[in-house]
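Let me begin by presenting the structure, written as structure tokens, before commenting on it.
Protein chains get the first letters and strands the later ones, always in sequence-line order, with residue 1 at the start of each.
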Amino acid sequence: MATFRLFDLNDAQQRAVRSTEGPLLILAGAGTGKTRVITARVAYLITQGADPSHILAVTFTNKAATEMRERLARILDADAASKVTMSTFHALCLRILRANIDRLGYKNNFSIYDEGDQLGLIRKIITRTSARDERLDPNLAKNLISKAKNNSWKPPENEDTLLGAVFARYQSELKNLNAVDFDDLLALAVRLLNEHPDVRDRWRDRFRYLMVDEFQDTNKLQLELVTLLADERRNVAVVGDDDQSIYGWRGAEVSNILEFEHHFPNPTIVTLEQNYRSTNAILGTASALIGNNPRRRAKKLWSASEGGEKVRLIEAPNDREEAQFVTEEIQRKNFADGDAWENFAVLFRMNAQSRLLEENLRRLNIPYRIVGGKSFFDRREIKDLLAYMNLLVNPEDDASLLRIINTPARGLSAPMVARALEWSVQHKCSLWRALGDREFLAEVSARTASSIRAFVEMVGDYETKLAEPLSNPAALVTKLIGEIGYAAELRRNCKTAEEAALRESNVGDILRDLSLFLGRSTKGLRGFLDEVALDQEREDEEEEEIKSGVTLITMHAAKGLEFKHVYLIGLEEGLLPHERSKAEGSIDEERRLLYVGITRAMRTLTLSYCRNRTKYGSVASCAPSSFIKELAPELLDQIDLEKMLSAPVGEASAKSRFAQMRAALAG
DNA sequence: AATCGTCTGCTTTTT
DNA sequence: GCAGACGATT
């Protein structure tokens, strides 16, 4: 039975929770207890008699889904909580597709292509398709194709532009490879539900209460999916904040939330405005800024807690001094006030800005963590291993096959692979089929042919064993990487023994993860690969340990997080708002980005900009961001760093001397 | 097949 | 000013 208490919520939150039938729009300003409301509402639905298995809550990230699942488990009994579906859009679509994608002419064991695989395939198609004087940037093509899919545009029938031709071929080739990309997960699920009423009705029957988190970030396809599932019951509760829409460049449509009434007429609308995170100085600054945006749903954040320090605006001579000031002040505050490093975060527009901060933090021996950057799963050895696993599940998966066909080297040279690929295109079959075809083998030398046969036989062997009912995939994969001598391959390819050992232990980590997965799931190797494809967040052991420390993070990645002390650096025209966004006319989104950054702060907020900044290797002078004059002047404390440091006596110089002393002690 | 050098072109990145 | 990609070299 639910143990949550409705009266712990404020009035608006209660209204949101109690509104159980029909469309509901919850406008949840930053820090207004959104996750709490969603979980409370799920619990309330169940106390009102809803079957937990009829409830679906969709989020964007696995992290959010997990957090919600955990919170729900705390206020509901474990059995009921486990029956509620909490899923990302992509995982939900994957589930829908794994059950019935055969209706669209794919096989149910399809592979999921990540952006690397996607890019590889597009590169290949471009070189094969383009005339000599034509050029198309593969990355640009990938982005345009993604945009097209998210808008449900079909590949053009007439291939009269290179891009159109590449798009059409990319799509048909993916299908031949029995693979789908991230966009396809959404697009094909929508198509499946649209074209097959029986499938649609099954899912509609399954999910009778829908909740969507971060609704401002949904794109066209995601809205369509929600609409398709909602049916005439229209039990759709969406939660979001138009002011925090910062993913327009990835296809998110703010209009989904701005025009919610258009998509779901006569909704209940609840606005959450009481903020439990920040001081009124911070909230006032945020409100003043965001008030400059034209198209938005009015809301006024307020906090019950009084006072709070003014927001500081620092003018630094250059980016070096800016970084030095921020890091030394963090050190000083940590020492003077005993604030743990975890309470501090430095937010910026571009990842490149983290470098100077890193250098300074390292110099001062301050622990830090950089959020974002290269993923564990981008590592060579992990991609290789996953490619082998993918191949065992779906041998027609050319991208995986190409990745490992000669890794470790087994006499299957690049020219031979190119010929095989050509042959496979001519015969409209997969690379795997080509390698197993007598006709093709007759075209290559006897030695090459025997190498190919050995490889095909080995993979086929494992594939057969894997398909046996009582097979142990983890043991099989372990045996496979032993048989191919992958450890030796790593040692051969790494400069140092330590690097090889690290990579080897990464391989071990994945194999251990696989065993753990198989222990808790019945979905086998295929299920493991699905989970990995859709959750790239996980970190390895070492990184896990450095979870503590000062956080360096982009404003985009900071959405949803909060920190006691926030430093927002580089508030310069051209950086924030970014030059490119200005050119594209998305200033409003840049303003929202700054708004998101500001509202991360709980107690203190420090903004800074530089008069000069090193850009692309040379120093350029810069103007303060045009957003600065939109902030509330009465809540702002303006400080010129140079003047402050040259002041003969007073607090500032005492602090600076103190910082030097600390630095000496730390060094 | 691997490595070296030159060229290019610079955001943000939930899945 | 640097990383990533690609072509020329051994």
Side-chain angles (χ1 to χ4, degrees), chain A residues 58-67 87-94 112-116 118-120 123 127 135 137-140 142-143 146 149-150 180-187 189 213-219 221-222 244-252 347-356 371-375 377-378 406-409 411-415 417 492-493 495 530-537 553-561 570 574-584 586 589-590 592-594 596-597 613-620:
Chain A
V58 196
T59 62
F60 274 83
T61 65
N62 291 293
K63 202 175 141 214
T66 309
E67 191 190 327
S87 167
T88 64
F89 272 104
H90 292 265
L92 173 68
C93 290
L94 178 60
I112 301 169
Y113 270 27
D114 67 18
E115 273 173 294
Q118 229 179 320
L119 200 60
R123 274 216 183 91
T127 43
R135 254 182 297 155
D137 172 18
N139 259 307
L140 180 70
K142 188 191 75 175
N143 293 337
S146 170
K149 288 193 190 185
N150 280 305
V180 306
D181 62 26
F182 283 135
D183 299 317
D184 282 339
L185 286 173
L186 300 172
D213 190 19
E214 305 280 17
F215 194 69
Q216 77 282 352
D217 292 336
T218 51
N219 64 23
L221 285 171
Q222 286 155 340
Q244 293 186 70
S245 165
I246 54 174
Y247 284 104
W249 53 277
R250 267 188 129 276
L347 275 57
F348 35 80
R349 178 67 235 259
M350 286 198 297
N351 284 310
Q353 289 174 266
S354 72
R355 252 169 108 130
L356 278 173
V371 179
K374 68 238 161 284
S375 155
F377 292 92
D378 280 340
N406 207 27
T407 306
L412 306 182
S413 66
V417 174
R492 205 175 317 125
N493 273 311
K495 290 199 176 72
D530 282 352
E531 194 177 83
V532 167
L534 296 186
D535 186 7
Q536 308 253 307
E537 274 298 282
I553 191 171
T554 63
M555 285 177 233
H556 278 97
K559 194 177 72 160
L561 305 178
L575 227 198
L576 181 66
H578 196 276
E579 199 57 55
R580 261 176 105 135
S581 299
K582 285 170 75 178
E584 285 163 18
S586 46
E589 186 157 305
E590 295 286 293
R592 291 193 290 261
L593 188 56
L594 178 55
V596 166
R613 173 175 297 276
T614 312
K615 255 182 184 174
Y616 307 139
S618 52
V619 179

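- Checking dT15(B), dT14(B), dT13(B) against every side-chain atom of E115(A), the shortest atom distance belongs to dT15(B).
- In this structure, D217(A) reaches the bases: a heavy-atom distance under 4.0 Å links it to at least one base atom across the strands shown.
- Contacts of K559(A) classified as salt bridge (Lys or Arg N to Asp or Glu O under 4.0 Å), with partners at least two apart in sequence or in another chain: E214(A), D217(A).
- Across dT15(B), dT12(B), dT11(B), the shortest atom-to-atom separation from the side chain of T61(A) is found for dT15(B).
- Of the candidate nucleotides dT11(B), dT14(B), dA1(B), dA1(B) has the atom nearest to the side chain of N406(A).
- Distance from the side chain of Y247(A) is smallest for dT14(B) among the nucleotides dT14(B), dC10(B), dT11(B).
- Summary of the strand contacts: Y616(A) and A252(A) both lie near DNA chain B, and taking for each the nucleotide with the nearest heavy atom, the more 5' one is attributed to Y616(A).
- A stacked arrangement is assigned to H578(A) and the six-membered base ring of dT11(B), with a centre-to-centre distance below 5.5 Å and an interplanar angle below 30°.
- Closest to the side chain of R355(A), from the set dA3(C), dT15(B), dT14(B), is dA3(C).
- Across all strands, E589(A) comes closer than 4.0 Å to no nucleic acid atom at all (heavy-atom distances).
- Checking dT11(B), dT15(B), dT13(B) against every side-chain atom of R580(A), the shortest atom distance belongs to dT11(B).
- One N or O on the side chain of S87(A) and one on the backbone of L92(A) form a donor-acceptor pair closer than 3.5 Å.
- With sequence neighbours excluded, no residue forms a salt bridge (Lys or Arg N to Asp or Glu O under 4.0 Å) with E579(A).
- Residues satisfying the salt bridge (Lys or Arg N to Asp or Glu O under 4.0 Å) criterion with K615(A), sequence neighbours excluded, are absent altogether.
- Taking only side-chain nitrogens and oxygens, S581(A) never comes nearer than 4.0 Å to OP1 or OP2 of dT12(B).
- Residue Q222(A) is classed as having no contact, given no heavy-atom separation below 4.0 Å to the nucleic acid.
- For N351(A), a side-chain nitrogen or oxygen approaches OP1 or OP2 of dT13(B) to under 4.0 Å.
- Judged by distance alone, with hydrogens and angles left aside, the side-chain atoms of R592(A) form no donor-acceptor pair with the main-chain N or O of Q244(A) at under 3.5 Å.
- Within 4.0 Å (heavy atoms only), F89(A) reaches no atom of the nucleic acid at all.
- The NE2-C1' distance, from H556(A) to dT13(B), rounds to 8 Å in whole Å.
- Residue M350(A) contributes atom CE, which lies 18 Å from atom P of dG9(B) at whole-angstrom precision.
- With sequence neighbours left out, E67(A) forms a salt bridge (Lys or Arg N to Asp or Glu O under 4.0 Å) with R71(A).
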- Task: Using a 4.0 Å cut-off on protein heavy atoms (strictly under), produce a 5'-to-3' string for nucleotides 5-10 of chain C with B for base contact, S for backbone-only sugar-phosphate contact, and - for none.
- Result: SS----
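- With sequence neighbours excluded, the residues that form a side chain to side chain contact (heavy atoms under 4.5 Å, CB included) with R250(A) are Y247(A).
- With a glycosidic angle more than 90° from 0, dT12(B) adopts the anti conformation.
- Distance from the side chain of A557(A) is smallest to dT13(B) among dT11(B), dT13(B), dT15(B).
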